[in-house]
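Written out below as structure tokens is the structure these notes cover.
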Amino acid sequence: MKPKITVIGSSNTDMICRVRSIPRPGETILGNDFLIVQGGKGANQAVAAARAGGDVTFITCVGNDAFGQQAIEAYQKDGINTSCIQKIDGTSTGVALINVADSGENSIAVAPGANAHLTPEKMEEFRDVILSSEIVLMQLEIPLETVNYVTRLANQANIPVVLNPAPARIIDKEIMSMLTLITPNEHEAKLISGHLSFACSEMESASEIQNQGVESVIVTMGSKGAYFIDGISHGMVKGIKVQAVDTTGAGDTFNGYLVVEWAKNKNLPEAIKKANKAAAISVTRMGAQPSIPYANELAEF
Ligand code: RIB
């Protein structure tokens, strides 16, 4: 049986320019090739969860425009249930302007467009879908009130909520205590834990975050791996070093794979291992969604 995952989040069209290095403020540089691909943290995680073998429903808003239509068709090709995707008149599909440097690092600016229309009122329409999920997965590229609303709803029904707190924002204490799992990267972990100093280790931030009431915490650290604490144990799951071409969407790949593997075997370190592998493969390729591997590729890696 495929685990039933509901992903609630953003859908963007990514416009990517390959550059030697990320331009500084005021600087104009000549880049290399230009690509338009599907992106958005919510969409990337939905696609990753589907390619990992989940039965995925994606709740998002797109504009009533060509980009929105292309996005829906792409999600359908990945077997994602798109019946909860709304097209919003008078606003564009979310767009992300991305520079990818030769080192694989990136800089991203997002114009949310229709993503800002994913309001708590809209969630009421999808109440039954949310309440029939095995796991709800969200990020922070949509209105915070929506994340709060869904967390309360799922929590009352004992449905696990996984939050990837990206881009980082301060989350209400009450909401933190309702989360089953939170998956910040090192920088997000520092912000959420309130320990902004460089000296603060991933262990300290993870335990500070857990003290805010979250059941389990995973701090992702790219190729170094991920540190986790759950109710049973804690530790580091080693990452995989690869030649990075583009790190865009690596965190999203990790989260999509993580929830599916976790739903299947309830073993967090094992799920992290698989998610690390999927993320490592994704950074060896260009673009967010085009780089997300299919489950069979993990066996060959
Ligand atoms: O996490 C990567 C994503 O962030 C990109 O696909 C872009 O759309 C932004 O949302």
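One-based numbering, in listed order, for ligands and for the atoms of each.
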Taking side chain to side chain contact (heavy atoms under 4.5 Å, CB included) as the test, write out the residues that go with K224, two or more places apart.
-> E186, M221
Taking distance alone, with no angle check, do G40 and ligand 1 share an N/O pair under 3.5 Å?
-> yes
Between N115 and N12: side-chain donor-acceptor atoms closer than 3.5 Å | yes
Taking only non-hydrogen atoms of A288 and a 4.0 Å limit, the atoms of ligand 1 in range are 6 (O)
Do the charged groups of E297 and R285 touch, with an N to O distance under 4.0 Å?
-> yes
Using a strict cut-off of 4.0 Å, indicate which atoms of ligand 1 neighbour a heavy atom of E141.
-> 4 (O), 9 (C), 10 (O)
Could you list the atoms of ligand 1 found under 4.0 angstrom from a heavy atom of G39?
-> 6 (O), 8 (O)
Give the numbers and elements of all ligand 1 atoms closer than 4.0 Å to a heavy atom of D252.
-> 1 (O), 2 (C), 3 (C)
Does ligand 1 have an atom under 4.0 Å from some heavy atom of G251?
-> no
Could you tell me whether some N/O pair between N12 and ligand 1 is separated by less than 3.5 angstrom?
-> yes
Donor-acceptor pair, Q212 side chain versus I192 backbone, under 3.5 Å?
-> yes
Does an N or O anywhere in T248 fall below 3.5 Å from an N or O of ligand 1?
-> no
Is the backbone N or O of G68 less than 3.5 Å from a side-chain atom of T93, with the two atoms forming a donor-acceptor pair by type?
-> yes
Mutual orientation of the aromatic rings belonging to F58 and Y75 [parallel < 30°, tilted 30-60°, perpendicular > 60°] | perpendicular
